[in-house]
Amino acid sequence: MLRFTDSLTGDKVDFEPRDPGKASVYWCGPTVYDVPHLGHARSTLAFDVLVRYLRWTGLDVTAVSNITDIDDKIINRAADEGSTEPDVAQRFEATFVEQMDRLNVAHPDLRPRATEYVDRMVEVISDLVERGMAYTTDSGVYFDVDRLDEYGALVGRSVEDLREGAGARVDVDEDKTDPLDFALWKAAKPGEPTWDSPWGPGRPGWHIECVAMSLHLLGDGFDIHGGGDDLVFPHHENERAEALGCGRAFARHWVHNGMVQVDGEKMSKSLGNFTTLAGLLDAWDPRALRLLVLQTHYRRTMEIGSTTLDQAAAALARLDKFADRMAEADLPDAAADDAVLDRFRAAMDDDLGTPQALAVVFDAVRDANRALDAEDDDTAAALAAAALDATTALGLELGAAASPDADAGDDPEATEIDGLVDRRLAARAAKDFAEADRIRDELTARGIVLEDGPSGTTWRRG
RNA sequence: GCACCGGUGCCCGAGCGGACCAAGGGAACGGCCUGCAAAGCCGUAAAGCCGCGGGUUCAAAUCCCGCCCGGUGCUCCA
């Protein structure tokens, strides 16, 4: 039985789906006003693994993640570059999807856009107004926090507490009767995209979209709502307020992932293009980032840097070699080792303990290698099957074929290097090791690493 | 300022009151392999006690209190 930490209570709770055998999951996607950063990657990876694992255990999962395609930042961006909001949104949504694809993130079943949900948002806001949970001013419609006893439950703070800190970082809109109240509908401002509403032209507030989408697509009382830690307040607190304010059951469980820290200075020094996810993905195998993310528990703050990425890449290389070795060993068909799978499942069931789950995988890898060394093919096959099944559940494809280097295409330099490698092979065959080593040294100086194997010599850029 | 989360070996990072343990990964070292390497495989050692100081307990890295340091939040940031 899967258990995970519910942000609402802070306790580990058993996951009991609303509908037996199924799971409904919603997590907040990006606001598409710029290229994705490392935080997007971590968060998206966290929920990708959650969804994959739920499916692996046999649940029928419906996964929904939104795209916020209208918001202040998008408007500002469009103004800055002299384009339009839809243009900005479409461009960066495409970039987001493309980069998540590189990370082998499974597409959510549904990826609704805010601009497609304005009508439903208006319905929810109308409901709130009718129930007296919201009020109207010249600048828009606001949720009245005082009307909801439970407000603050998700952050674990009282309304008085919150009120004290309100405005500490951002100026408070003077139209609101309470600094904690938040916008459901923003009245039109000149030059901004607008939609019609019972309160005049304008655009929706931020939180309302997730409520309208999740309740519409997944139904009241859906199972899991997730997002980054930084969204707990105010975003998720306010979403919850909106749904409860309508008298509707909202998410049964809340799951939040921790933040990413980057040693920016060190990073830019070693690799100038590292500040964006794209830069990272160009410099490292995307699977190394996934592995690195999995090696840290999803709730913890984690450090991503060139050192930790290199370390993850080295571990990944070992897993690739393992997968290749087992594939080439011509092992008998074997069912995955149950003991390994049980340990894997136990680790994952305990709040998605991917670090321990990977420890299980690495243990199995070592044991399988040892079994193969001892020519115990049956044991090796069972262990390898379990290890590979587990990594698949985590979204990690293994083996040289899975590496982005596998299809590097034609490289003008490659032909020349191949020629040098051939000459070295000839020299070795003639026992002219001095010449062979000279060629190798020359290639080494150029950053080329040679690997002599039973089936010939391969090279790679080190 | 207030709130929440965290501070574990050379590095990343598990552990959340006890005897299967201070996991696992990277690096290091040794062996096998190799003409020699590289890669790979196997093995070894490494935290004298898990930020600091108190306390609770038969028993604490794990609970409580104080302090120091880092992160996040306090209206639109995953």
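Every chain is numbered from 1 and lettered A, B, ... according to where its sequence line falls, protein lines coming before strand lines.
- Taking the six-membered ring for Trp, A:Phe92 and A:Tyr33 have ring centres at least 6.0 Å apart.
- Nearest nucleotide to the A:Asp71 side chain, out of B:C76, B:G6, B:U72: B:C76.
- The CE atom of A:Met302 sits 17 Å away from the P atom of B:G71 (whole-angstrom rounding).
- Taking the C1' atom of each, B:A19 and B:C58 are spaced 14 Å apart, rounded to whole Å.
- In this structure, the nucleotide among B:G71, B:A38, B:G13 sitting nearest to the side chain of A:Thr296 is B:G13.
- If you measure from atom CG of A:Leu154 to atom P of B:G73, you get 15 Å, rounded to the nearest angstrom.
- Between B:A14 and B:G9, the distance separating the two P atoms is 13 Å to the nearest Å.
- Nucleic acid contact for A:Gly156: none, since no nucleic acid atom lies under 4.0 Å from a heavy atom of the residue.
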Using a 3.5 Å limit on both pairing distances, list the dot-bracket string of RNA chain B from the 5' end; Watson-Crick and G-U wobble pairs count, crossing pairs take [ ], interstrand pairs take |. ((((((((.[[[..)..(.....]]].(((((.......)))))......[[[[[..)....]]]]])))))))....

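- Each of B:G71, B:C41, B:A38 was ranked by its minimum atom distance to the side chain of A:Arg325; first place goes to B:C41.
- For CG of A:Asp14, the number of neighbouring non-hydrogen atoms (other residues, nucleotides, ligands) closer than 6.0 Å is greater than 12.
- Look at A:Arg424 and A:Asp441 and you find no salt bridge, because none of the NZ, NE, NH1 or NH2 atoms lies under 4.0 Å from a carboxylate O.
- Under a 3.5 Å cut-off, the side chain of A:Thr68 and the backbone N or O of A:Thr31 do not form any donor-acceptor pair.
- Among the atoms of the strands shown, base atoms are found under 4.0 Å from some heavy atom of A:Val260.
- If you check the side chains of A:Asn238 and A:Trp206, you find no donor sitting under 3.5 Å from an acceptor.
- Qualifying salt bridge (Lys or Arg N to Asp or Glu O under 4.0 Å) partners for A:Asp342, counting only residues two or more places apart in sequence or in other chains: A:Arg345.
- Taking atom C1' on both nucleotides, B:G25 is separated from B:G35 by 34 Å, rounded to a whole Å.
- A donor and an acceptor atom, one from each side chain of A:Asp349 and A:Tyr53, are located under 3.5 Å apart.
- Between B:U56 and B:U62, the two C1' atoms lie 14 Å apart (nearest whole Å).
- No engagement by A:Asp72 is indicated, since no non-hydrogen atom pair under 4.0 Å with the nucleic acid exists.
- Protein atom NE2 of A:His225 is 13 Å distant from nucleotide atom P of B:A78, rounded to whole Å.
- Aromatic pair A:Trp27/A:His225: ring centres not closer than 6.0 Å.
- Under the ring-ring contact (aromatic ring centres under 6.0 Å, His included) criterion, the residue pairs touching residues 340-370 of chain A are A:Trp56-A:Phe344, with sequence neighbours excluded.
- Remark: A:His297 engages no residue in a ring pair (Phe, Tyr, Trp, His ring centres under 6.0 Å) (not counting sequence neighbours).
- Side-chain atoms of A:His256 and A:Asp229 form no donor-acceptor pair, as typed in the model, at a separation below 3.5 Å.
- Comparing B:A61 with B:C50, their P atoms are spaced 7 Å from each other, to the whole Å.
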Could you list all N or O pairs between the protein and nucleotides 23-27 of chain B that sit under 3.5 Å apart?
residue : atom : partner  : partner atom : Å
B:G25   : OP1  : A:Arg318 : NH1          : 3.4
B:G25   : N2   : A:Gln311 : OE1          : 2.9
B:G26   : OP1  : A:Arg318 : NH1          : 3.3
B:G26   : OP2  : A:Arg318 : NH1          : 3.2

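- For the pair A:Leu103 CG and B:A78 P, the interatomic distance rounds to 16 Å; values are reported in whole Å.
- Only the P atoms considered, B:C11 is 12 Å distant from B:G48, to the nearest whole Å.
- Residue A:Gly228 is classed as a sugar-phosphate contact, given heavy-atom separations below 4.0 Å to backbone atoms only.
- Between the side chain of A:Asp350 and the backbone N or O of A:Gly353 there is no donor-acceptor pair closer than 3.5 Å.
- The CG atom of A:Asn369 sits 16 Å away from the P atom of B:A39 (whole-angstrom rounding).
- Rounded to the nearest Å, the gap between the P atom of B:C42 and that of B:C74 is 48 Å.
- Within the structure, every side-chain polar atom (N or O) of A:Asn238 is placed at least 4.0 Å from both OP1 and OP2 of B:C76.
- Distance CD (A:Gln261) to P (B:G70): 11 Å, rounded to an integer number of Å.
- The base of B:A78 is paired with the side chain of A:His37 by a donor and an acceptor separated by under 3.5 Å.
- Each of A:Ala368 and A:Leu292 lies near RNA chain B, and the nucleotide nearest A:Leu292 is the one positioned closer to the 5' end.
- Comparing the C1' positions of B:C29 and B:C68 gives an interatomic distance of 37 Å, to the nearest angstrom.
- Regarding A:Leu372, its CG atom lies at a distance of 16 Å from the P atom of B:G40, rounded to whole Å.
- In this entry the distance linking CZ of A:Arg299 with C1' of B:C16 reads 12 Å, nearest Å.
- Both A:Val155 and A:Lys186 lie near RNA chain B, and the one whose nearest nucleotide falls closer to the 5' end is A:Val155.
- For A:Arg290 (side chain) and A:Leu103 (main-chain N/O), a donor-acceptor pair under 3.5 Å exists by modelled atom type.
- No hydrogens or angles considered: a donor-acceptor pair under 3.5 Å links the side chains of A:Asp181 and A:Tyr135.
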Name the pairs: protein N/O against N/O of nucleotides 34-37 of chain B, kept only if under 3.5 Å.
residue : atom : partner  : partner atom : Å
B:G35   : O6   : A:Arg428 : NE           : 3.3
B:G35   : N1   : A:Asp437 : OD1          : 3.0
B:G35   : N2   : A:Asp437 : OD2          : 2.7
B:C36   : O2   : A:Arg440 : NH2          : 2.6
B:C36   : N3   : A:Arg440 : NH1          : 2.9
B:C36   : N3   : A:Arg440 : NH2          : 3.2
B:A37   : N6   : A:Asp452 : OD2          : 3.1
B:A37   : N1   : A:Asp452 : OD2          : 3.1
B:A37   : N3   : A:Arg440 : NH1          : 2.8

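- Here A:His297 lies in heavy-atom contact (under 4.0 Å) with sugar-phosphate atoms only.
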